[in-house]
Amino acid sequence: VVEIVAGRMLAPYVGMSLYTWTSIIAVVLAGFSVGHWAGGRIAEMQAPRALLWTGWSMLGAGLTTALAVFVLRSGADILLPHISNPIGAIVALCMIAFFLPSFFAGIPAPVLAQISVAAAPDQSGRALGAMFASGAIGAIAGTLLAGFVFVAWLGSVGTLALVTVCYLIAALLLLWLARRAGDPSGILMAALATLVGLLLAGATIAQPSPCTEESDYFCIRVEDVSSDPNSPVRLMVLDHLVHGVSARDLPEVIFYDHAALLDLLARERMGGTDFSAFFIGGGTFTVPRKWSTMEPRPQVTVAEIDPTVTAVAIRDFWFDPAGTRILNQDARAALRTDGSRYDVIVGDAFTDIAVPAHLVTQEFFTLVRDHLTEDGVFLMNVIDHADRMIALMSLVHTLEQVFPHVEIWTEARRPDPGERMINIIAAGFSPTDVDMLQGLSPAPITFARIPAQAQAQLKAARNPIVLTDNYAPIDRLIGAESY
């Protein structure tokens, strides 16, 4: 349970990525391993003493689990400004917050296994098998409860408080067993430690959440950035990255460069006529909100996997869902069962800094192509380093296996060294008629298409790969330094 909650708790500070989960799993396994070793030493003691020490370990698990919230928040403030390597920062936060809870949780297994074998020496194999099976059943139950019940209904902090209480109950049970077996020492101290643990669990619940809403997918924060409280402007933060900005009184104004370019390109390609569009990802629904003010109004479908994001966009970002078809499901699954064709399909879904791997493959792009009209276009938002572009060119190379025309559009200026540039890939059955577009974001901005010759030179220099369902290392191609 704590391992799954750790991912959600780290997300507001370092995002939710392959690197985050790798670090969490490694740290938790390291804690278990050291705990198992310590438990093995304790298991060599006489049973009453071993039960006593194991009870104390459960008290340690409860206290360190309750403290994880405080340690993580304080540690993030202290460590993140001083650790430049993003992977190092993720590992450091995991270690300070979740190593000790994992260590203490790893102690009971060898102790209880040894006591089970000693209690039935003629059935030691069955005893060990029962212990391993119990551990597996507990892991399955904890995983299912954390993923489907606890986080959804209690939130991350509430789930940690519940786990703390469970640890304290286990500690009292073990200490009672130790007393029955003949070792009554430490009962008073155990009672005091349990009281402290309960107080910490209560303090954990009382801590303000960094999230405005905590969904099954994201920690969602809504922040007001307006200078005039009578004319609010809000931004949406999913985990640790901004995913959109909207102004209540200016539905036609787009505040983000990539959204402005998506809007301009779509309308340019469609010639300003009535058209249909399918959005992969909703966020603040900025472009659909603007298009709802157009005449004629485009027919818009949005696949936003997180229904809470949709609800927040409607409640806090002034998006009126009337006239928009909203599918709260994964975009690939939605397209697979959707028999419609669209003039424009817009890819603007991100998990942390990268597009989800299943939405960047040749197989997915083939699905997109099959849902476009004869003159349709697929527009995809891609963020990559200006001096790397390995991920960008691999996406272009993959799209070229599916579409006859693939273009790269970006802001018409020379990027700074190492700058993360926002690029829009336009893939379709015909080229865009213009090479430059001018718009507002909200200040005047000019976008340009990278010339075909320059695009070919970039592709040759980057040695791109074709991304497939079998092999799509998009996190590695973007690079950890992108954080």
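Below, each value reflects all heavy atoms present in this structure, side chains not excepted, and no hydrogens, waters or symmetry copies.
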Practice problem: Give the ring-plane orientation class for Y256 versus H258, where under 30° counts as parallel, over 60° as perpendicular and anything between as tilted. | Solution: perpendicular
Working to the nearest 0.5 angstrom, can you tell me the gap between [X] [atom1] and [Y] [atom2]?
X    : Y    : atom1 : atom2 : result
I450 : L458 : CD1   : CG    : 6.0 Å
N423 : D257 : CG    : CG    : 11.5 Å
L440 : L250 : CG    : CG    : 11.5 Å
I90  : T22  : CD1   : OG1   : 9.0 Å
F364 : H358 : CZ    : NE2   : 7.5 Å

Would you say [X] has more than 12 foreign heavy atoms packed within less than 6.0 Å of its [atom1]?
X    : atom1 : result
E419 : CD    : yes
N470 : CG    : no
Q401 : CD    : yes
F429 : CZ    : yes
F132 : CZ    : no

Practice problem: Check the pair F32, W37 against ring-ring contact (aromatic ring centres under 6.0 Å, His included), reporting the backbone distance first and the verdict last. | Solution: CA-CA 9 Å; F32 278 153; W37 175 84; over 10 Å; no
Quiz item: Would you call D330 and R336 a salt bridge, taking side-chain N to carboxylate O under 4.0 Å as the test?
Solution: no
Quiz prompt | Salt bridge E252-R289, side-chain N to carboxylate O under 4.0 Å | solution = no
Partner set under side chain to side chain donor-acceptor pair (under 3.5 Å) for [X], not counting sequence neighbours:
X    : result
T286 : T284
D435 : R449
D320 : none
H36  : none

Practice problem: Mind running salt bridge (Lys or Arg N to Asp or Glu O under 4.0 Å) on R420 and D384 for me, showing each step along the way? | Solution: CA-CA 5 Å; R420 283 172 56 196; D384 204 354; over 6 Å; no
Is there side-chain contact between [X] and [Y], with at least one heavy-atom pair below 4.5 Å?
X    : Y    : value
D239 : Y13  : no
T398 : T361 : no
H240 : P12  : no
V14  : L93  : yes

Self-check item: Derivation and outcome, salt bridge (Lys or Arg N to Asp or Glu O under 4.0 Å), residues R221 and E213
Solution: CA-CA 7 Å; R221 300 203 306 277; E213 298 280 353; over 6 Å; no
Would you say the side chains of [X] and [Y] form a donor-acceptor pair under 3.5 Å?
X    : Y    : answer
E214 : S156 : yes
S226 : D224 : yes
T446 : E411 : no

Quiz item: With no hydrogens and no angle check, is any side-chain donor or acceptor of D343 less than 3.5 Å from a backbone partner on F275?
Solution: no
Quiz item: Any sub-3.5 Å donor-acceptor pair from R267's side-chain atoms to L262's backbone N or O?
Solution: no
Using atom types as modelled, flag every donor-acceptor pair under 3.5 Å from a side chain in residues 389-396 to any protein atom, sequence neighbours excluded.
unit_1 : atom_1 : unit_2 : atom_2 : d
S394   : OG     : I390   : O      : 3.0
S394   : OG     : I465   : N      : 3.3

Quiz item: Does D338 have any side-chain contact (heavy atoms from CB on, under 4.5 Å) partners at least two apart in sequence or in another chain, and if so, which?
Solution: F278, R325, S340, Y342, H371
Practice problem: Step by step, work out the side chain to side chain contact (heavy atoms under 4.5 Å, CB included) result for M236 and F317. | Solution: CA-CA 9 Å; M236 177 186 286; F317 291 88; 3.5 Å; yes
Self-check item: From CA spacing to verdict: ring-ring contact (aromatic ring centres under 6.0 Å, His included), F403, F365
Solution: CA-CA 9 Å; F403 291 94; F365 294 149; 7.5 Å; no
Exercise. Check step by step if side chain to side chain contact (heavy atoms under 4.5 Å, CB included) holds for V34 and F99.
Key: CA-CA 10 Å; V34 180; F99 178 82; 4.1 Å; yes
Quiz item: Are F285 and W318 near enough that their ring centres are under 6.0 Å apart?
Solution: no
